[in-house]
Amino acid sequence: MKIRILDIAYETMADGPGLRTSIYCAGCAHHCPGCHNPQSWDFAAGQEMDVEELLMIVKDDEFADVTFSGGDPLYQVEAFTELARRIKEETGKNIWCYTGFKYEDIQADDRMSRILPYIDTLVDGPFVADLRDPDLPFRGSSNQRIIHLTKKEDDAIPGTVSI
Ligand code: SF4
């Protein structure tokens, strides 16, 4: 299984707590006005990488947890589900996933909901320029929620919702 990737950041602290390997995928159809990264909208951008290859990159850094971002990973949800399942089963690393979809819509969708059991924290919802707040940790606008699905994390981060 392959994922179309724009970039990978190593040991970043921008996409969730602690050091993380952030995997930025290509493609997003939400087209939020004011998106910080419109070059990520193109589904043909970047390069395809095997889930196996991405898993090796994640495993290579023993100390970093993992973030899926983009673009929107849920447009390639089957391959990201496979990657998340392998990461969880083989490393137990913490996984954050950014998406422009809302949690309730993901939950109601047969395809997308299959990734949820492997995600610790979902940052959901589109970017809304009128609600932009540069002081918010780990998200761009105040409508976006940091949803701890596994309830194992520090919920002191403002905007955190436990489901
Ligand atoms: S969901 Fe994210 S990547 Fe997609 S258009 Fe909105 S802000 Fe940009």
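Start at 1 and go down the list; that is how both ligands and their atoms are numbered.
With respect to atom 8 (Fe) of ligand 1, the closest heavy atom belonging to the protein is Cys35 SG, 2.3 Å.
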### Message
I'd like to know whether Asp124 forms a salt bridge (Lys or Arg N to Asp or Glu O under 4.0 Å) with Arg145, so could you lay out the CA-CA distance, the side-chain angles of the two residues, the decisive distance to 0.1 Å, and finally the verdict.
### Response
CA-CA 5 Å; Asp124 83 332; Arg145 298 172 295 179; 2.5 Å; yes
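Leu54 CG to Arg86 CZ: the interatomic distance, rounded to the nearest 0.5 Å, is 11.0 Å. In this structure, CD1 on Ile5 lies 9.5 Å from CG on Asp7, to the nearest 0.5 angstrom. Taking CD1 from Ile119 and CZ from Phe80, the interatomic distance works out to 9.5 Å, rounded to the nearest 0.5 Å.
When each of Thr67, Asp15, Asn37 is tested with Tyr24 by the rule side-chain hydrogen bond (donor to acceptor under 3.5 Å, both in side chains), just one qualifies, namely Asp15.
Less than 4.0 angstrom separates some heavy atom of Gly71 from each of these atoms of ligand 1: 3 (S). Short contacts between ligand 1 and Gly100, defined as distances under 4.0 Å to a heavy atom of the residue, involve ligand atoms 1 (S). For ligand 1, the atoms closer than 4.0 angstrom to any heavy atom of Cys32 are 1 (S), 5 (S), 6 (Fe), 7 (S). Counting the atoms of ligand 1 from 1 in the order shown, those under 4.0 Å from a heavy atom of Phe127 are 7 (S).
Aromatic rings of Phe68 and Tyr118 (six-membered ring for Trp) have centroids beyond the 6.0 Å cut-off, not under it.
Atom 4 (Fe) of ligand 1 has Cys28 among its coordinating residues (N/O/S atom, backbone or side chain, under 2.8 Å).
Protein non-hydrogen atoms do reach within 4.0 Å of atom 4 (Fe) of ligand 1.
In Tyr98, neither the side chain nor the backbone holds a heavy atom less than 4.0 Å from any atom of ligand 1.
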